[in-house]
Visitor: 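Shown below is the structure under consideration.
This one's a predicted model, so the numbers in the text were calculated from it and none came from an experiment. Index from 1, following the sequence.
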Amino acid sequence: MVISHLPLFNYIKIMERLSINLADYGFAPNQDGFHAGNGSMENVDQLNKALAAEQITGRDTANLTTASGAPLKVESLEKTLKHLTFRESDIRLWKDLPKKAAYNTVEEYNQQTSYGANRGGWNREGELPEEEDSIFVRRAQLVKYLGVTKSVTHQMTLVNTMVGSIMERTIKDGTMWILRTLNQGLYFGNEKLVPEQFNGFLAQQEQSGAWSSYDDYMTSEHVVDLRGGALTEDAIESGANSIVENYGLATQIYGAPAVLSNFVKTFYGNKFIQPNTPALTAGVMGQKVVAFDSQFGQIGLNHDVFFKKLPSKSAGSAATSQKAPAAPVWDGTTPAAVVASPALSKFRSTDAGSVYYAVSAINRFGESQLAINSTAVAVTAGCAVDLKFAAGVGTNAATAFRIYRTKVGGTATGEFYPLFEVAVSELTAGYDGATAGLVRDVNHFLPDCDQAMLVQFDNEVVEFAQLAPLMKMDLAVLSPAFRFMVLLYGTPFLYAPKKMVRFINIGPKA
């Protein structure tokens with residue numbers, strides 16, 4: 001059949017099955033294929049005088065006398081709300097985390113750290129064995145309070161919207177806001193930096209007392225440093241082994257989407273494509289890895305968008321809140337000084353070159369603008385950099401500072417990447433081997449890199465204690481508006497810090 005040989009009416013009938021046509025808009029074509037009354041030359045002449053819809057919306061024609069038929073148009077707006085932000089399905093760790101009820105604002109737990117020293121035990125006939133005591137430790141986490149206030153005017157509840165009940169929509173939006181902040185806090189929360197935050201799993205592991213110092217922790221087998229490389233099978237296997245040697249069993253990995261995506265890419269080069277399979281016949285290529293089989297058992301792979309690295313910033317980046325602290329002030333004499341050959345430096349020859357530093361101030365409301373040190377710092381292998389700055393003066397004081405650095409060869413007007421945070425008290429005392437009033441960067445953390453964690457994921461190791469369920473609390477009506485709070489009270493627990501392994505400096509490199 002050749003469509004061009006068909007009568008026009010039959011051609012239109014075929015096209016009706018292939019696309020949207022006039023009948024879908026309430027018009028019926030006649031035998032010529034045109035709307036009735038529009039086929040004659042007289043009607044064509046009349047079209048020259050017809051009202052024009054034009055390419056403007058009805059609201060843009062207010063008070064115009066030259067807009068032809070545009071003022072008569074009914075605006076065509078898609079009835080489905082299009083999401084440009086995260087959805088409920090993106091909340092991963094919070095959904096998976098075991099939960100229990102809390103009954104106090106201070107939640108305590110006991111740890112048994114030893115059955116007694118691993119020594120002796122062999123006796124002679126009739127001899128009293130040596131005495132050994134078990135060791136128990138009581139620890140606690142403080143319940144913290146997370147909340148947001150939402151408001152809907154009375155007038156807004158009376159108008160038609162594309163989302164149905166605007167009150168229900170606003171309650172859901174408030175809930176999603178809470179869950180985003182909560183899920184981020186489960187990883188990055190740190191009451192040392194922001195006293196109102198609970199301690200997330202990374203902070204609890206670092207501050208657990210299982211290591212003698214920060215440097216001891218950072219160089220332990222429980223912190224696997226990939227130095228810009230992708231997550232590998234070797235790294236996961238080593239992490240699983242560390243957990244097994246501490247009487248645990250790794251079961252889950254949580255990481256940023258880029259971490260798992262780059263992990264999968266490492267298999268592309270040596271993937272065996274099996275012919276005559278349904279997937280190959282259907283033209284389905286690629287690889288989806290949902291688990292890793294370690295020597296000690298299967299480990300699930302979970303991506304979480306709220307575990308991804310913090311965004312880079314530049315000189316033009318604004319403060320995140322009007323109540324954020326004032327930007328810090330760099331020392332006018334020696335804002336950055338290179339220290340030769342300090343202990344535990346991780347600057348290598350590949351890290352050598354000119355870089356720039358910036359710092360921001362943090363409190364419970366948000367983060368300040370960057371304070372940029374506009375003088376380049378020439379870093380070399382085996383060095384460290386001591387930074388000197390002070391808090392800015394403002395209404396809302398800083399409780400911590402975030403250190404930023406460019407990549408090698410960056411500029412003072414380019415992108416700065418967050419490295420680590422220090423509390424105000426740590427700046428005062430001197431951070432990571434620096435003297436009082438200085439923060440030392442030994443290159444523990446690389447710019448533009450992600451993290452992940454491997455953990456025995458059950459309530460023997462991780463859990464969340466809730467003082468009350470996620471709740472909505474109405475506020476008094478003092479104006480024609482309905483205000484309410486969405487609240488959540490609780491704290492996470494990492495009961496066994498050595499049954500978790502932290503991967504740092506994960507990049508895209510194979």
Side-chain angles (χ1 to χ4, degrees), residues 90 92-93 184 187-188 201-202 205 217-244 250-273 284-312 346-353 355 381 404-410 415-420 442-457 500-510:
D90 293 320
R92 296 297 299 272
L93 181 58
Q184 289 171 330
Y187 297 114
F188 300 114
F201 293 128
L202 301 184
Q205 185 186 45
Y217 166 69
M218 291 299 293
T219 56
S220 73
E221 62 183 3
H222 291 272
V223 178
V224 178
D225 190 349
L226 295 169
R227 305 310 295 174
L231 184 65
T232 62
E233 295 174 276
D234 180 80
I236 298 174
E237 185 69 35
S238 296
N241 179 69
S242 298
I243 292 175
V244 166
T251 59
Q252 300 292 331
I253 286 178
Y254 285 84
V259 169
L260 299 187
S261 179
N262 290 323
F263 174 67
V264 170
K265 290 176 184 177
T266 62
F267 300 106
Y268 285 176
N270 54 11
K271 179 184 176 183
F272 175 72
I273 300 177
V284 179
M285 302 301 292
Q287 180 87 35
K288 181 179 180 181
V289 180
V290 297
F292 172 79
D293 272 330
S294 76
Q295 178 64 26
F296 313 105
Q298 191 171 92
I299 299 171
L301 304 177
N302 306 277
H303 70 271
D304 193 332
V305 295
F306 300 112
F307 200 4
K308 65 182 179 182
K309 56 182 175 282
L310 295 177
S312 62
K346 290 198 172 183
F347 278 103
R348 300 176 179 175
S349 58
T350 53
D351 303 315
V355 298
Y404 288 78
R405 193 176 78 210
T406 66
K407 295 181 180 180
V408 173
E415 293 296 307
F416 287 82
Y417 299 89
L419 299 178
F420 57 90
V442 298
N443 207 32
H444 277 310
F445 294 97
L446 298 176
D448 200 22
C449 285
D450 276 302
Q451 300 188 62
M453 69 178 194
L454 171 66
V455 64
Q456 178 179 317
F457 202 80
M500 182 181 114
V501 168
R502 177 183 181 181
F503 301 97
I504 64 172
N505 294 322
I506 307 174
K509 295 185 296 184

Visitor: Rounded to the nearest 0.5 Å, how far apart are CE of Met500 and CD of Gln252?
Guide: 14.0 Å
Visitor: With a 4.5 Å limit on heavy-atom distance, are the side chains of Arg227 and Lys509 in contact?
Guide: no
Visitor: Report yes or no: does Ser261 contribute a side-chain atom to a donor-acceptor pair with the main-chain N or O of Pro257 at less than 3.5 Å?
Guide: no
Visitor: Distance-only, no hydrogens or angles: does the Asp450 side chain make a donor-acceptor pair with backbone N or O of Lys309 under 3.5 Å?
Guide: yes
Visitor: For residues Arg405 and Asn443, determine if any side-chain heavy atom of one lies less than 4.5 Å from a side-chain heavy atom of the other.
Guide: yes
Visitor: Using 0.5 Å steps for rounding, measure from the CD atom of Glu233 to the OG atom of Ser294.
Guide: 11.5 Å
Visitor: Using the ring of each side chain (for Trp, its six-membered ring), is Phe445 parallel, tilted or perpendicular to Phe420, with breaks at 30° and 60°?
Guide: tilted
Visitor: List for me each residue that meets ring pair (Phe, Tyr, Trp, His ring centres under 6.0 Å) alongside Phe457, sequence neighbours excluded, and say none if there are none.
Guide: Tyr254
Visitor: If you measure from CD1 on Ile253 to CG on Leu260, what distance do you get to the nearest 0.5 Å?
Guide: 7.5 Å
Visitor: Any side-chain heavy atom of Ile504 sitting closer than 4.5 Å to one from Val223?
Guide: yes
Visitor: How about Glu237 and Ile299: do any of their side-chain heavy atoms sit closer than 4.5 Å?
Guide: no
Visitor: Using every non-hydrogen atom in the two residues, find where Val259 and Gln451 come nearest and quote the distance to one decimal.
Guide: CG2-O, 4.0 Å
Visitor: Below 4.5 Å, heavy atoms only, C-beta onward: do Thr406 and Tyr417 meet side chain to side chain?
Guide: no
Visitor: Measuring only between side-chain heavy atoms, which start at C-beta, is Phe503 closer than 4.5 Å to Leu454?
Guide: yes
Visitor: Work out which heavy atom in Gly255 is nearest to a heavy atom in Ala452; give both atom names and the distance.
Guide: CA-CB, 3.9 Å
Visitor: Can you tell me how far apart CG (Leu231) and CZ (Phe292) are? Round to the nearest 0.5 Å.
Guide: 9.0 Å
Visitor: Do we see a donor-acceptor contact under 3.5 Å between the side chains of Gln295 and Asn241?
Guide: no
Visitor: Any side-chain donor paired with an acceptor under 3.5 Å for Gln205 and Tyr217?
Guide: yes
Visitor: Closest heavy-atom contact between Gly228 and Cys449?
Guide: CA-SG, 4.1 Å
Visitor: Report yes or no: does His303 contribute a side-chain atom to a donor-acceptor pair with the main-chain N or O of Ala258 at less than 3.5 Å?
Guide: no
Visitor: Please test Tyr187 against Leu93 for side chain to side chain contact (heavy atoms under 4.5 Å, CB included), starting from the C-alpha separation and ending with a verdict.
Guide: CA-CA 9 Å; Tyr187 297 114; Leu93 181 58; 3.4 Å; yes
Visitor: Please determine whether a side-chain nitrogen of the Lys or Arg among Lys346 and Asp225 lies less than 4.0 Å from a carboxylate oxygen of the Asp or Glu.
Guide: yes
Visitor: Quick test of your reading of the model: are Asp448 and Lys407 salt-bridged, counting only N-O distances below 4.0 Å?
Guide: yes
Visitor: Could you tell me which non-hydrogen atom of Ala352 sits nearest to which non-hydrogen atom of Ala381, and how far apart they are?
Guide: CB-N, 4.4 Å
Visitor: Quick one: pull up CD in Gln456 and OG1 in Thr251 and give me the separation to the nearest 0.5 Å.
Guide: 6.5 Å
Visitor: If you look at every heavy atom in Arg92 and Asn302, which pair is closest and at what distance?
Guide: NH2-OD1, 3.5 Å
Visitor: What distance do Phe201 atom CZ and Met453 atom CE have between them, rounded to the nearest 0.5 Å?
Guide: 5.5 Å
Visitor: What pair of heavy atoms forms the shortest contact from Asn505 to Leu446, and how long is it?
Guide: OD1-N, 2.7 Å
Visitor: Side-chain contact test, heavy atoms from C-beta onward, threshold under 4.5 Å: evaluate it for Val455 versus Val501 and give yes or no.
Guide: no
Visitor: Between Val289 and Phe263, is the side chain to side chain contact (heavy atoms under 4.5 Å, CB included) condition met? List the steps.
Guide: CA-CA 9 Å; Val289 180; Phe263 174 67; 4.1 Å; yes
Visitor: Taking the side chain as every heavy atom from C-beta outward, state whether Leu202 and Phe188 have any atom pair closer than 4.5 Å.
Guide: yes
